Amino acid sequence: MLQLVLFNLFNGLIIGAFYVLLALGLSMILNLSNVINFAHGNFLALGGYLAYVLIPYIGFWPSLLIAPLLTGVVGLIIEQTMIRRIYGRDPIYSLLLTFGLAFMIQDACRYIWGVNGLPLATPPSISRPLSTEFFFLTGYRVFVVGIVIVAVAALFMFLRFTRMGMRIRAGVFDLETVSALGINVKLLRSLNFAGGIFLAGLAGVLAGGQIGLNPNMGDSLLLPSFIAIIVGGMGSLVGTLLGGLLIGVAAAITTVFFASASDTVIYVIMALVLLLRPRGLLGEEGIL
Amino acid sequence: MRPGGDTTAALRGAAERRWAVLAGIWVVLIAAPFWLPLVHGYTSLGSRILVLGLAAMSVNFLIGFTGVVSFGHAAYFGLGVYGAGMMLRYVTASTPLALVAGILLGGGAGVVVGAMICRSRGIYFAMITIAFEQIFYYIAYKWDSVTGGYDGLRGFQRAPIHFGLFTLDIKHSDLAFYYFVLVVFAIVAGVMGFLLRSPFGRTLLAIRENERRARFLGIAVDLHIWLSFSISAFCIGAAGALYAMVNNFSDPSSLYFDLSGDLVIMAVMGGIRSFWGPLLGAAIFEVLQDYISSRTVNWLFFIGLVFVIVVMFFPRGLLGMFQRRRAA
C-alpha cells in the first residue's frame, strides 16, 4: 500500500511538474499582457517536434536547450506579427486569435510530422530504473523533476534579481507607470511572451521523452494548467507553481482510492477554491 | 443637434427602417425552405443554421450586450443537447418535454455556475467559464451508462407533435421540422429582444459601457451579470435541445470548448454589437466550414486561419462594418 501511494505520489509530482511548466508560461503572458494563450499546448507539441528533428544532428542535451529556444523564436514571430496588435483590446479578440492559432499550429504539426505518434529518443544514461524496489523511479522521471526544478528556480531568480525581471514584475503591477518611466513596454511584452513559450517548448521536449510525440499532446495538459492558475491565484506565479503541484498530486492520490474520479477531482478543487477563496490561494486582491 | 422637427422626422425614419429590416429578416427566414435549394442549400441545413444562430445569439446576449466574455457556453448548449436527448431516450418520446428538459438542464447549470463566477471579470471570467465547461464535458464523457460516454447518446428520434386537431410530423418532414425550429427560434429570440429593450436590458448595456459608473449609480452589477449569464444559459439550452433533434444524437463534442470558440467567432463574424449579427455569422461560418472541409484534409488549419483573419481584419463583423458606415 505504501509503495502504491508513493508510486502515485511520484506520478502526481511528474504530471504536476508538466502542469507547472505550462501554467507558469501561461501565467506570465496572462499577467503582463492580459492574453490567454490557447495555443500554449500546441507550442508544447512544437517544442517536442523540433527536438525530434534536432536530436539526430546535435544530440539530446543540446536539443534540450535549442528546441525550446527555437520554439520561443516562433512564439516571438507570432507575437510580433499578430498578437501584439490586439493588446489592450477586448479580451474576446485575444481569445479568438490564439484559439485560431492553436488550430493552425496543431494542423501544421500533423501535416509535417503525421498523425501517428513518434518516439523521442532519450539518452540511455538517464533512461535506466534507479531502484528495483521503487521501480517507478526511472532515471528519466527523476531527470524531468530535476530539470523542472532548475527551470523554475532560474525563472524566479531572473524575475527577482535581473533588471528585466524587475521590470516585468513592475509591469504586472502597473504597466502604465512602467511605460511612463521610459521603459520599452512593447519589448518587455515580446520578451515575456517568448519566455513563456520557451517554457512550453521545454515541457514539450520533456513530455516527448516521457510519452512520445503527437500533434495533440498538449491538449490534455492545457485545461489543467488553466485550473492551476485559477487555484493558485491570478497574478501570482508562486501561486501557479503551488496550484500545478497541488492538482497534479491530488489527481494522482485520488487514483489510488477512487480511480474514475481522478480527472474530476481537479475541477472539484477549483470549485471549492472559487467558493471559499475566490481570488485563489495566493491571488492578489482586486484582480478577481 | 439639429432642430426638433428634423429630429423627430429622423427618429420616425429610423423606426420605420427598423421595422422594414425586421420584416425583411422574417420574410427571408420564413421563405428559406423555398430559396435555399436555389443556392444549392437544403432545408435541414437551414434548420441547423437557425439552431446554431440561436446559440450564437444567446452567447452574444452576454458578450455583446452585457460586455462579459464567456468562452464556455458550449457547456449549457451541450447540457441542452443531453437534456433533450435523455428525455426522448429514457422518459418519453415527447418533443415539447424534451425542449423543456434541455432548457431546464442548460439554464439550471448556468444559474449555479453563474452564481459562483459572477464576481470575476474580463479575461479571468472567460478562463473560469472554460474550466467549468470542462466539468460537464467530463461528466458526459465518463458517465457511460447514462450518457453513452465517448460514443454519445443515440437511440432516440424527435417525435411528431400532436395538437389535438392535427399532428405536426417533424419526425419525417424536414419542412415541418424547419418551421418548428423557426417558431422556437422566434420565441427565444423574441424573449431576448424584449429583455434587451426593457429597463433590465438598458441596465446591462450600462454595465457594458462603464461598469464603474453603473456601480456608482447603485446598480447591483454582480447580480445583473449573474442574471444575464443565467438568461443566456436558458436560451442556449433551448438551442441545444433543438440541436439534439436536428441530429437525433447527443454528441459529447457539443459540450467541448471548441464549440464555444465556434459560437463566439460566429457572433464576432456577424457583429457583436448587433442583435441579428450572430445569426448571419452562424450562416457564414457553417457554409464556410462545410466548403473548407470538403476541399482539403487540412481543413483545421484553414478554420484557424478564418479565426485569425476575422480578428485581425474584421473585428467589428459584417453588420458592425455596415452600422459604422451608416453612422459615418
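Predicted, not measured: the structure shown is a model, and the values here were computed from it. Lettering of chains follows the sequences in order, A, B, ..., and the numbering in each one begins at 1.
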Undergrad: Among the options A:D90, A:T264, A:D107, pick out the one with the most heavy-atom pairs lying under 4.5 Å from chain B.
TA: A:D107

Undergrad: Where do A:M270 and B:A131 come nearest, in terms of heavy atoms and distance?
TA: SD-CB, 3.3 Å

Undergrad: Heavy-atom cut-off 4.5 Å, strictly under: side chain, backbone, both or neither for A:I86 against chain B?
TA: side chain

Undergrad: Indicate yes or no: at least one non-hydrogen side-chain atom of B:L300 is less than 4.5 angstrom from one of A:Q106.
TA: yes

Undergrad: Which pair of heavy atoms, one from B:M312 and one from A:T81, lies closest together, and at what distance?
TA: CE-O, 3.7 Å

Undergrad: Is it the side chain or the backbone of A:T98 that comes within 4.5 Å of chain B heavy atoms, both, or neither?
TA: neither

Undergrad: With only heavy atoms counted, which part of B:I63 is less than 4.5 Å from chain A, the side chain, the backbone, both or neither?
TA: side chain

Undergrad: Classify the angle between the aromatic ring planes of B:F307 and A:F103 as parallel (below 30°), tilted (30 to 60°) or perpendicular (above 60°).
TA: perpendicular

Undergrad: Side chain from CB out, backbone as N, CA, C, O: work out which of these in A:L95 comes under 4.5 Å of a heavy atom of chain B, or both, or neither.
TA: both

Undergrad: For the backbone of B:P315 and the side chain of A:Y93, can you confirm whether one donor and one acceptor N or O come within less than 3.5 Å of each other?
TA: yes

Undergrad: Is it the backbone or the side chain of B:V311 that comes under 4.5 Å from a heavy atom of chain A, or both, or neither?
TA: both

Undergrad: Roughly how far, to the nearest 0.5 Å, is the CD1 atom of A:I229 from the CE atom of B:M127?
TA: 4.0 Å

Undergrad: What distance do B:Y138 atom OH and A:L223 atom CG have between them, rounded to the nearest 0.5 Å?
TA: 7.5 Å

Undergrad: A:L96 and side chain to side chain contact (heavy atoms under 4.5 Å, CB included): which single residue from B:I265, B:V308, B:V310 fits?
TA: B:I265

Undergrad: Nearest 0.5 Å, please: how far is CG in A:L30 from OH in B:Y124?
TA: 4.5 Å

Undergrad: Which one, A:N34, A:I105, A:V268, leads in non-hydrogen pairs under 4.5 Å with chain B?
TA: A:N34

Undergrad: If I measure from the heavy atoms of chain A, does B:V268 come under 4.5 Å with its side chain, its backbone, both, or neither?
TA: side chain

Undergrad: Out of curiosity, B:D262 CG to A:F99 CZ, how far, rounded to the nearest 0.5 Å?
TA: 6.0 Å

Undergrad: Locate the shortest heavy-atom distance separating B:Q134 from A:Y267; write the atom from each residue and the value.
TA: CG-OH, 2.8 Å

Undergrad: With a 4.5 angstrom heavy-atom cut-off, which part of B:Y141 approaches chain A: side chain, backbone, both or neither?
TA: neither

Undergrad: Checking A:A102 against chain B: side chain, backbone, both or neither under 4.5 Å from a heavy atom?
TA: neither

Undergrad: Could you tell me which portion of B:F257 (side chain, backbone, both or neither) has an atom closer than 4.5 angstrom to a non-hydrogen atom of chain A?
TA: both

Undergrad: Does atom CZ of A:R85 have more than 12 heavy-atom neighbours, drawn from other residues, nucleotides or ligands, at distances under 6.0 Å?
TA: no

Undergrad: Would you say CZ of B:R213 has more than 12 non-hydrogen atoms from neighbouring residues, nucleotides or ligands within 6.0 angstrom?
TA: no

Undergrad: Please state whether the side chain, the backbone, both or neither of A:S225 comes within less than 4.5 Å of a heavy atom of chain B.
TA: neither

Undergrad: Measuring heavy-atom distances to chain B, does A:L97 have an atom under 4.5 Å in its side chain, in its backbone, in both, or in neither?
TA: both

Undergrad: Any chance you could measure B:F302, atom CZ, to A:M104, atom CE, to the nearest 0.5 Å?
TA: 8.5 Å

Undergrad: Could you state the interatomic distance from CD1 (B:I272) to CD1 (A:I92), rounded to the nearest 0.5 Å?
TA: 4.5 Å

